[in-house]
Structure formats: C-alpha cells, structure tokens
Amino acid sequence: MRKKTQLIHGGIFGDEKTGAVSVPIYQVSTYKQDGPGNHRGYEYSRTGNPTRHALEELIKDLEEGKRGFAFGSGMAAMTAVMMLFSQGDHVLMTDDVYGGSFRVITKVLNRFGVEATFINTSDLNSIEKEIKENTKAVFIETPTNPLLKITDLEEVSKIAKENGILTIVDNTFSTPYWQNPLTLGADIVLHSATKYLGGHSDVVAGLVVVNDEKLGNDLHFIQNSTGGVLGPQDSWLLMRGIKTLGIRMEEHEKNTSEIVRFLSGHKGVSKIHYPGLENHPNHDIAKKQSRGFGGMVSFDVGSAEKAESVLNKVRFFTLAESLGAVESLISIPALMTHASIPAERRAELGITDGLIRISVGLEDVEDLLEDLEQALEG
Ligand SMILES: Cc1ncc(COP(=O)(O)O)c(C=O)c1O
C-alpha cells in the first residue's frame, strides 16, 4: 500500500459490525466479562480501548513498526519511552531538542537517576565519543526544532547497534508521510501528534511505535502502569486528522518552498534554516532519508526588537506556540517554545533572540507572501 492509501486504509478500517466507514468512539471505561478473567480482548480502558487500539494500529502501520501506543500528549509519550530506562542509565540527546524534552530530562527524570548528555548528533564522531558504559540510548530529533538541523538516521542507528544501545527518534516534524526512522534502523519512533498528525490545532496527543515485540511488551507495561493514555474522543479526532495527512504535507511543503524563496531574497533576513535549501549543511542527508523537507522554517531578522515587530505586524500568521496545523503559526523560540532552555545554552546553540520560527499553513501562499513582505518592511 502506498502512503496516501495507507493513511485511509491502514490500521483498522471502519466498523465490521455495522459497516460504518469510521471507527466508532468507544466512550467506555470498563467491559463486561463473560466469566472472571474471561474477557473479549478488553477489560479496562487504561489497559486497552478499541478506539485507541485502532489509532495504535494505524500509527504502527504508518511507521512500519511492530506495536503502536497512544498517549495523552507528546511529552507523556516521551516520558513513557524514557521509563524504559532505570536509575543510573544515561542517554545521549540531540542538543537542540524541543524545550519540553530538554526540561523533562534535566528537571524531572534526572531526579530518578536517568542522566543525559546533549550533543550535536549531526556530528557522528561526537556520538561515538560520548557513549559511556551506562549509555542505553541515543535520542534524536531530526529535523530539529527550531534550527532544522539534520541527523543521519541510518548512520546513527548503525553506531547505536554496534554499541548495543537503542536509537529513539522524535519524528514530529517530518511525520510518517515524509520519513520512517524504523526503516532506517531506529528502534523507537515517537510523535507529538498534536502537530501535523492531528493537523487542526484541536487535539493534544502523543504516539510511539517500536519495531520489536519485547520493546512493545515493555512499553505496554509502562503505558498501563503509569496511565498516560489518550482518550477515545481524541483518538478518533487524531484518526480523522491522519486521513488527510498526505495532501496536507504536500501542500505545506509547496507553500513553504515559495516562502523560503521569498525569504532568501530579502535583505532584512540574515539566515534561513530549512533542510530543503541546497546550502543547508545536511541537505543531502535530508534528501536521502526523507521524501520531503516539511513545513517548518526559521530565519534570523537580527534582533529581538525586529522579531517582535514582525510578529506584531503579521495578519495571517497566528502568534502561538505549536506547529503543523492548517493555520500558519509564528513564534520567537527564545521567548516561547525554548524559553525553558537557559539563555547561555540558547546562545551556544544558535537560538538567537532575532530568530523567528514559522509553521507554514495551508492558506493561499500569495496572502502569506504579501503578509510577510509588509511585516518585514521598515
Ligand atoms: C518536536 C516536539 N516533540 C515533542 C513535543 C511535545 O509534544 P506535546 O506538546 O504534544 O506534549 C513537541 C511540542 O511542541 C515538539 O515540537
């Protein structure tokens, strides 16, 4: 099945019993048993719910893995994955991961004895150098947020396998429509499904797919034990959003390439971060491992004042955190999504105060271009 067909026909299609073409919302917490311990596959909705199960099957198929899991948010998904590790374990993480991922590791999971080293995972040598005796995984975001850095997933997975550690990939920016980390050798892929997968700014959710039964059993044990599951209504909304992921991603990318072309020729823009640009340092790797470059761009307008003035002037770019929805969104990472990263560290990473991040939506691109033009004036 090709990707666009899989988005519609993957997982569990409709309802066998009634012929309904969408999976019913099983708004239920518990299930009648035919005898003590003798149930029909479902006993309690934290453990399993048919609507959530349909979503979990769908994301499993889309990521070409063995088991899928749905959580109440991307952060709940990430935390559940990190609970595979124990006190004294160590993970390597991409240095400009989403601020919330940095925060949960350095302010929450550290208190349980899981430590992390943040490194530039685009540099393969630094991965090999930083693997310690207690390192259990390398956690990668590619493209990264907000600098759109690219890590070579095939090469990192190879290094990880040689060293007996797991490769975990946050695939939020690319989505399974453009990139499938498990097929490149990764062990676990996760998503903030709040973003492109949902696509309409109306649901907060997280998804995980693993490529191994043992990891699947371990993660189900954690999901059931800690309970951060996604409810049936949100599972259904997410499945509805996923059906149009293909056409949305194609359109996001088309609009983005026009905007990147416009920004590249603008004298008020000093730097553009977009993996689709031929001068992006890892353009070739992005091309090799992904079928598209996505709808996220960040660019530098030189100062915090200028960035704030652009944000105040735009009409069709909504000033908001988050990304990946039908409406274009604009933000200043240093003040918003990445404010939880200390200022010195942001400076080290290149997340300047004048950096603007846009998530290009599905409006008419001519309106978006005119809007950016007037906002960058002066
Ligand atoms: C790349 C990435 N990963 C994870 C998350 C966390 O997801 P959620 O907000 O659904 O908890 C985000 C949120 O912005 C993100 O951008």
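All ligand and atom numbering here is 1-based and tracks the order in the structure.
- A side-chain N or O of N171 and one of Q179 form a donor-acceptor pair less than 3.5 Å apart.
- In terms of polar-atom proximity, defined here as any N/O pair under 3.5 Å, V204 makes no such contact with ligand 1.
- The contact set between ligand 1 and T172, taken as ligand atoms under 4.0 Å from a residue heavy atom, comprises 1 (C), 2 (C), 3 (N).
- Close approach of ligand 1 to S73 is summarised as follows: ligand atoms under 4.0 Å from at least one heavy atom of the residue are 10 (O), 11 (O).
- Y177 pairs with exactly one of R291, H252, K3, E253 by the side-chain contact (heavy atoms from CB on, under 4.5 Å) rule, that one being K3.
- Looking only at atom types and distance, the side chain of S201 has a donor-acceptor partner in the side chain of E327 under 3.5 Å away.
- Note: an N/O pair closer than 3.5 Å links S192 and ligand 1 by distance alone.
- In terms of protein heavy-atom proximity, atom 10 (O) of ligand 1 is closest to T194 OG1, 2.6 Å.
- Using modelled atom types, one finds no donor on one side chain facing an acceptor on the other under 3.5 Å when comparing T47 with Y42.
- With a heavy-atom cut-off of 4.0 Å, E321 does not touch ligand 1 at all.
- Ranking the protein heavy atoms by distance from atom 4 (C) of ligand 1 puts D170 OD2, 3.5 Å first.
- Using a 30° and 60° split on the angle between ring planes, F69 and F71 fall in the tilted class, from 30° to 60°.
- The CZ atom of R346 lies 13.0 Å from the CG atom of D96; values are rounded to the nearest 0.5 Å.
- Only the backbone of A205 comes within 4.0 Å of ligand 1, counting heavy atoms alone; no side-chain atom from C-beta on gets that close.
- For E43 and Q33, the side-chain atoms include no donor-acceptor pair closer than 3.5 Å.
- Listed by number with element, the atoms of ligand 1 under 4.0 Å from a non-hydrogen atom of G74 are 7 (O), 8 (P), 10 (O), 11 (O).
- The aromatic rings of Y274 and F293 sit perpendicular, their planes meeting at an angle over 60°, well past the 30° parallel limit.
- Selection from F71, F173, Y98 by nearest heavy atom to atom 5 (C) of ligand 1 gives Y98.
- At least one heavy atom of K195 sits under 4.0 Å from some atom of ligand 1.
- Atom 16 (O) of ligand 1 has as its closest protein heavy atom N145 ND2, 3.4 Å.
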